Each structure stands twice: as structure tokens, then as C-alpha cells.
Trainee: 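Got a structure for you, written out below as C-alpha cells; questions coming shortly.
All values below come from the heavy atoms of this structure, side chains included, with hydrogens, waters and symmetry mates left out. Remember, predicted model here, so these are calculated numbers, not experimental data. By convention in this document, chain letters (A, B, ...) are assigned in the order of the sequence lines, proteins followed by strands, and residues within each chain are numbered from 1.
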There are 2 protein chains.
Amino acid sequence: MTEKTYQHIKELLSEAGLKATHPRIAVLHELMLSDEHPSAEQLHDRVSRQYPSVSLGSVYRVLEKLVEADLVYQVATRGGSKRYDANLEQHCHIYSINTEEIQDYYDPELNELIKNYFHEKQVSNFKITDIKLQINGEKRDPKSKVTIV
Amino acid sequence: MTEKTYQHIKELLSEAGLKATHPRIAVLHELMLSDEHPSAEQLHDRVSRQYPSVSLGSVYRVLEKLVEADLVYQVATRGGSKRYDANLEQHCHIYSINTEEIQDYYDPELNELIKNYFHEKQVSNFKITDIKLQINGEKRDPKSKVTIV
DNA sequence: CTCCTAAATGAGAATTATTCCTATTTGGCT
DNA sequence: AGCCAAATAGGAATAATTCTCATTTAGGAG
């Protein structure tokens, strides 16, 4: 991790009122590097390479805090383990049931469409944090990416 | 359960190529009665009242089979336990993070909008089974329903 | 209607995912 | 440099789900 990245992550944590500890910096960094929405265990594996002393329990606790602080998004899945996403831009998920992969799908036009649609709506007794479109299905060739054009 | 309902559920199972066993009939029936997207354990509690011999393990197995046969939908959640839905009509979910409640939201206009949008799109290497919009947030008064108009 | 067999079940052990506990350590402030 | 509330490591405990295997059952064949 470059000095610049390191400082940036420290700032993100401080701004959120969280102590910039090694486990937190390392977990957030790994999550920012990844686009595959890893689980706590996967993150622990990766973090352990650089910081072998970080425990799995801490990774769980760190993730909980990061989600609470809105620095990290917790992805909705159909079971298995919890999955996380450090990309907070509005985007969709392509959820491949057979491979458990969750691929991002960016579509500004679609975002606009949904945003406008709900702009007209009155939602009572509920504070919307986000609206997420999930495209569910099965990946045909597990080795290749899914593309939408 | 009326005789008619019973026969109907038996037919659904047969048509899907599944033996119409008591655990299966009971679980599917309970799920059809419910609109709160229960977990396996909740379903087991309910089924147990009528059929005390049905084991929790069987409820898990039955649900797996029903999902496989597309008689039941498995809802995406942010952890906790797996949740199920016997309503296969296209609809959205309002997911209340604080109460773990998942409320249905029917909106034919929105369904059309999304359907049309993706009709134009080319999706490669993927077989879409469904596209689900999830409205995430926090319920203000946990005792009342959320409404969207 | 009874028999047969593959499939499904019940009961409980085993596994996986996550949270909790407590003594120790550490980041951020003075 | 020293303090202290907050965070951590390590491991125990709990929750959710799957697995194992002996027994039962649904539904087709005779």
C-alpha cells in the first residue's frame, strides 16, 4: 500500500470517528482493492498475509463497524456467508447463483430511471438508505465474465 | 387446510416431479399462508403444530427441493438466516434492516419499466432467472406497516 | 389391493459462520 | 512520555445449516 493510500484510508476512518487501527486499515484496504465482494473469512486470509496477527474475530468486528459507519456496504445474498463491498457508488449486482459470484454492473441510465421513479413516490414509516437492483441467474461459463450491453 | 387446498398443493408437487410427502405439503402450505418471508426455523415451528413429527432437518431439505423446483423463491438478505417466499409473482421487497422484516411491494408499473429496460439489453454468458428490486432502509415505527404510494 | 423400491424422513452428530468473553494492547490525547 | 477508553487476540460459545444413516413412505407395477 502506498503512503498516499494509507493516509487516505486513515482519514476515512478518522472522519467516521473510528480509531485508525491496523486491522481496520488493512481490512478496508483489502476490500477497496477487491471487486468480488469477499466474505469476512476471505478478507481475513488476505489481510493475514501482511498482518498475520489480525484475528478472524477482529475482521468480523471491523466489518461490523465499517458497515455501521457507512464506509462499507453489506451485500444481500441468498445465504452462505455475509459479503461486503467498499464501492459506495450506486450500482447493481449480477448474482450468479451457481458460482456464488457477485459481479458489479454500472448503468447510470438505469440508476436515473429508478431514482426518478421513486422520486415521485411517497414512502411512509421508512427511511430508505438505498435501492438495489439485483440481477439473479446462472453464469454459463464460470471462467468468463458476464456482460450487459 | 381445506381439501381443495390440499389437492392443489399435491398437484403442484407432482407437476414438479416431487413426491407429495407430508413434510413437503405442510411446509409449502405454511409458506403460502405467510407473507412475512419466514426462515426454516419459523416454518418448522408452524408446521410442528399440525405435524409434530416433522424434523427441522427435513424442513431444510424440503425448502431446498422446493427452491430447486422453482416452487419457492429464496430471498436475498444481509445475513442472519435464509428466508423464503412462496409468492412467485414479480414483486419487490422492502427490507427493513433494523427489524429484519421483508415486506412485499407490488408495483406493476415498475415491473414494466424494468422489464422493458432489460428487454433492450444483451446479456452474455448468463441466464437471468429474475430481476429483483430491493428497497433497503429502516422502519420508523416497527409496529406499523410501510406504505408506498 | 398388496408388494416393491427408490426416495424421503427423523434424530442427532458434524460442520460452518458468526458472536461473545476476557485479559492484554494500542491509538490518540495531553 | 504517560494515560485511558476503545480495540484487539485468542479461544469458547452460539446460531444456522448440512450431513449421516437406519427407518419409513409414496406411488408405480403386478
Trainee: Please report the interatomic distance CD(B:Gln74) to CG(B:Leu63), rounded to the nearest 0.5 Å.
Mentor: 8.5 Å
Trainee: Does B:Gly57 or A:Ser81 map to a spot on DNA chain C nearer the 5' end, using the closest nucleotide for each?
Mentor: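 Mapping each residue to its closest nucleotide by heavy atoms, the 5'-most match is B:Gly57.
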Trainee: Flag the pair A:Glu112 and A:Lys115 as a salt bridge only when some basic side-chain nitrogen lies within less than 4.0 angstrom of an acidic carboxylate oxygen.
Mentor: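 Yes, A:Glu112 and A:Lys115 are salt-bridged.
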Trainee: Does D:dA9 have its OP1 or OP2 closer than 4.0 Å to a side-chain nitrogen or oxygen of A:Ser55?
Mentor: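 Checking A:Ser55 against D:dA9: at least one side-chain N or O falls below 4.0 Å of OP1 or OP2.
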Trainee: On DNA chain C, nearest-nucleotide positions of A:Glu41 versus B:Val62: which is more 5'?
Mentor: B:Val62
Trainee: Does any donor-acceptor pair link the side chain of B:Arg24 with the base of D:dA26 at a separation under 3.5 Å?
Mentor: no
Trainee: Which sits closer to the 5' end of DNA chain D, A:His22 or B:Lys19, going by the nucleotide each is nearest to?
Mentor: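 That would be A:His22.
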Trainee: Could you give the OH-to-P distance, from A:Tyr51 to D:dA9, as a whole number of Å?
Mentor: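 For the pair A:Tyr51 OH and D:dA9 P, the rounded distance is 12 Å.
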Trainee: Starting at the 5' end of DNA chain D and moving along, which residue's nearest nucleotide shows up first, B:Lys10 or B:Gly80?
Mentor: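 Its nearest nucleotide lies further toward 5', so the answer is B:Gly80.
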Trainee: If the cut-off is 4.0 Å, is B:Lys82 near the phosphate of D:dT18, judged by side-chain N/O to OP1 or OP2?
Mentor: yes
Trainee: Establish, with yes or no, whether the OP1 or OP2 oxygen of C:dT18 is under 4.0 angstrom from a side-chain nitrogen or oxygen of A:Tyr60.
Mentor: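 Checking A:Tyr60 against C:dT18: at least one side-chain N or O falls below 4.0 Å of OP1 or OP2.
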Trainee: Taking only the side-chain nitrogens and oxygens of A:Thr21, find out if one of them lies under 4.0 Å from OP1 or OP2 of D:dT8.
Mentor: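 Yes, because at least one side-chain N or O of A:Thr21 sits under 4.0 Å from OP1 or OP2 of D:dT8.
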Trainee: So, applying side chain to side chain contact (heavy atoms under 4.5 Å, CB included) with B:Val62, which one of B:Leu18, B:Val27, B:Val72, B:Leu43 is it?
Mentor: B:Val27
Trainee: For A:His29, run the side chain to side chain contact (heavy atoms under 4.5 Å, CB included) check against A:Arg46, A:Arg24, A:Met1, A:His8 and tell me which one passes.
Mentor: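 Only one of A:Arg46, A:Arg24, A:Met1, A:His8 forms a side chain to side chain contact (heavy atoms under 4.5 Å, CB included) with A:His29, namely A:Met1.
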Trainee: For a quick test of reading the model: is some side-chain N or O of A:Arg61 closer than 4.0 Å to OP1 or OP2 of D:dA7?
Mentor: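 No, A:Arg61 has no side-chain N/O under 4.0 Å of OP1/OP2 on D:dA7.
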Trainee: What's the CG-P distance between B:Leu63 and C:dA8, to the nearest Å?
Mentor: 15 Å
